[in-house]
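One structure below.
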Amino acid sequence: MKKIKIVKSVLKANDRVSEQNRQIFDQHNLLVMNVIGSPGAGKTTLLEGLIKRVKDRLKIAVIEGDIFTIRDAKRIEACGVDVVQINTGGGCHLDAVMVQEALENLNLNKLDLLVIENVGNLVCPAAFNLGEDFKMVVMSITEGDDKPEKYPRIFQESKVLVVTKIDLLKYNQFDMERFLNEVKGIQPDIEIFKVSSIKGEGLDELVEWIIKQLEVKKSMSA
């Protein structure tokens with residue numbers, strides 16, 4: 001029982017700061033997406049593909065969450081956008097305080113889209129709001145088709161699902177119909193995109209969807 005109280009206290013404190021973050025983002029008309037997925041799901045490769053397609057249309061920055069290295073941040077920086085690295089030193093997720101501190105290194109007045117690439121994990125990041133507009137869960141077909149019912153919260157919390165590495169579908173025993181049925185059973189309203197970041201398939205559709213979310217946000221604040 002004592003352990004449960006501590007967890008609730010931590011989440012409550014995080015929610016207070018995430019609300020502060022949300023107000024900051026809203027004041028700047030900034031669309032913020034929190035990208036969550038397992039290690040190897042293809043999050044960074046997906047972001048590389050998205051940034052290349054959208055950076056001439058939107059001003060983007062990325063907050064990179066990682067346990068120890070700056071490897072992913074270097075890849076994103078090579079795409080020509082600002083990057084702020086957060087190393088958690090063993091922590092399995094980013095929290096709202098970490099993101100708030102990272103914001104001090106960005107000029108929010110010059111941004112349209114802020115992408116937060118969370119630490120590779122399907123469990124902890126789902127429980128911590130960062131002030132984002134929505135969570136994006138990224139899953140690759142190489143992870144198997146049984147994950148939705150094993151990790152339901154991330155699908156409940158996410159507005160959009162990106163299924164990556166679909167160019168490898170013919171080499172894997174991945175039942176797409178079963179997978180999507182399980183996802184829809186958990187979160188009927190989730191948006192779904194099937195993507196091959198390497199070959200570019202599905203990326204243009206995802207880009208247009210993200211831009212539409214920004215337009216909707218700006219129209220609601222006008």
Side-chain angles (χ1 to χ4, degrees), residues 1-26 30-44 46-47 62-69 72-73 84-103 113-140 143-164 179-180 182-193 210 213 217:
M1 292 298 292
K2 185 177 181 181
K3 201 172 188 178
I4 292 172
K5 287 180 181 178
I6 291 171
V7 171
K8 284 185 176 179
S9 178
V10 169
L11 289 173
K12 193 172 181 180
N14 181 80
D15 286 346
R16 282 198 296 271
V17 181
S18 72
E19 183 55 33
Q20 294 172 7
N21 291 347
R22 186 184 309 280
Q23 292 175 11
I24 293 170
F25 299 146
D26 290 347
L30 180 60
L31 185 73
V32 181
M33 63 181 197
N34 180 4
V35 180
I36 300 171
S38 302
K43 299 184 296 299
T44 307
L46 173 68
L47 293 183
V62 177
I63 293 176
E64 271 291 342
D66 207 339
I67 294 177
F68 290 113
T69 76
D72 292 346
V84 179
Q85 176 74 56
I86 300 175
N87 285 126
T88 62
C92 59
H93 62 90
L94 299 181
D95 64 34
V97 173
M98 295 175 187
V99 170
Q100 192 168 81
E101 291 175 352
L103 297 180
L113 174 64
L114 176 62
V115 180
I116 303 170
E117 183 177 353
N118 218 310
V119 175
N121 187 339
L122 283 177
V123 182
C124 309
F128 283 79
N129 291 319
L130 307 178
E132 73 272 10
D133 289 286
F134 60 86
K135 291 179 175 65
M136 171 189 288
V137 56
V138 178
M139 289 205 68
S140 69
E143 294 174 68
D145 53 27
D146 61 341
K147 297 301 181 289
E149 292 189 354
K150 294 179 72 174
Y151 303 95
R153 184 163 184 178
I154 186 58
F155 296 94
Q156 292 168 341
E157 297 282 342
S158 295
K159 185 174 183 176
V160 57
L161 160 66
V162 180
V163 186
T164 59
F179 175 77
L180 295 181
E182 285 195 4
V183 170
K184 285 291 186 179
I186 295 168
Q187 167 55 291
D189 297 326
I190 197 166
E191 296 280 350
I192 299 172
F193 293 89
I210 292 170
Q213 305 312 302
K217 179 166 185 174

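Looking at V99, V84, I63 one by one, the single match for side chain to side chain contact (heavy atoms under 4.5 Å, CB included) with L114 turns out to be I63.
Not a single salt bridge (Lys or Arg N to Asp or Glu O under 4.0 Å) links E143 to another residue, sequence neighbours left out. Under the side chain to side chain donor-acceptor pair (under 3.5 Å) criterion, N14 pairs with no residue at all, not counting sequence neighbours. Every residue was checked against the side chain to side chain donor-acceptor pair (under 3.5 Å) condition with E64, not counting sequence neighbours, and none meets it. Contacts of E191 classified as salt bridge (Lys or Arg N to Asp or Glu O under 4.0 Å), with partners at least two apart in sequence or in another chain: none. By the side-chain contact (heavy atoms from CB on, under 4.5 Å) test, V17 pairs with Q20, N21, A96, V97, Q100, sequence neighbours left out. Partners of Q213 under the side chain to side chain donor-acceptor pair (under 3.5 Å) rule, at least two apart in sequence or in another chain, are K159. Applying the side chain to side chain donor-acceptor pair (under 3.5 Å) criterion to N34, with sequence neighbours excluded, gives N118. Evaluation of the salt bridge (Lys or Arg N to Asp or Glu O under 4.0 Å) rule for K217 yields D26, D133 as partners, not counting sequence neighbours. Taking K43 as the reference, V35, E117, V138 meet the side-chain contact (heavy atoms from CB on, under 4.5 Å) condition, with sequence neighbours excluded. For A13, the side-chain contact (heavy atoms from CB on, under 4.5 Å) criterion is met by R16, not counting sequence neighbours. For T88, the side-chain contact (heavy atoms from CB on, under 4.5 Å) criterion is met by I67, L94, M98, V119, not counting sequence neighbours. With sequence neighbours excluded, no residue forms a salt bridge (Lys or Arg N to Asp or Glu O under 4.0 Å) with D15.
Of the inter-residue distances, the one linking I36 atom CD1 with C124 atom SG reads 10.5 Å to the nearest 0.5 angstrom. Annotation: the span from I154 atom CD1 to M139 atom CE amounts to 10.0 Å, rounded to 0.5 Å. The OH atom of Y151 sits 12.5 Å away from atom CD1 of I186, with the distance rounded to the nearest 0.5 Å. Put simply, CD1 on I192 and CG on L161 are 5.5 Å apart, with the number rounded to the nearest 0.5 Å. For the atom pair CD1 of I190 and CE of M136, the computed distance is 10.5 Å after rounding to the nearest 0.5 Å. Taken to the nearest 0.5 Å, the CG atom of L30 stands 10.5 Å off from the CD1 atom of I24.
You'll find the side chain of V163 stays beyond 4.5 Å of the side chain of F193, heavy atoms only. Counting heavy atoms from C-beta outward, C92 and V123 have side chains that stay 4.5 Å or more apart. Two residues are said to be in side-chain contact when any heavy atoms from C-beta on lie closer than 4.5 Å; K135 and V137 fail this criterion.
Relative ring orientation between F155 and F179 is described as perpendicular, the plane-to-plane angle rising above 60° on a 0-90° scale split at 30° and 60°.
Between the side chain of S38 and the backbone N or O of L122, no donor-acceptor pair lies under 3.5 Å. Side chain of E132 to main chain of F134: no donor-acceptor pair is present (N/O by atom type, distance under 3.5 Å, no hydrogens or angles). With hydrogens and angles ignored, the 3.5 Å screen pairs no side-chain donor or acceptor of D72 with any backbone N or O of T44. Side-chain N or O atoms of D66 include none that pairs as donor or acceptor with a backbone N or O of N87 at under 3.5 Å.
Across every non-hydrogen atom of S140 and A41, the tightest pair is CB-O, 3.6 Å.
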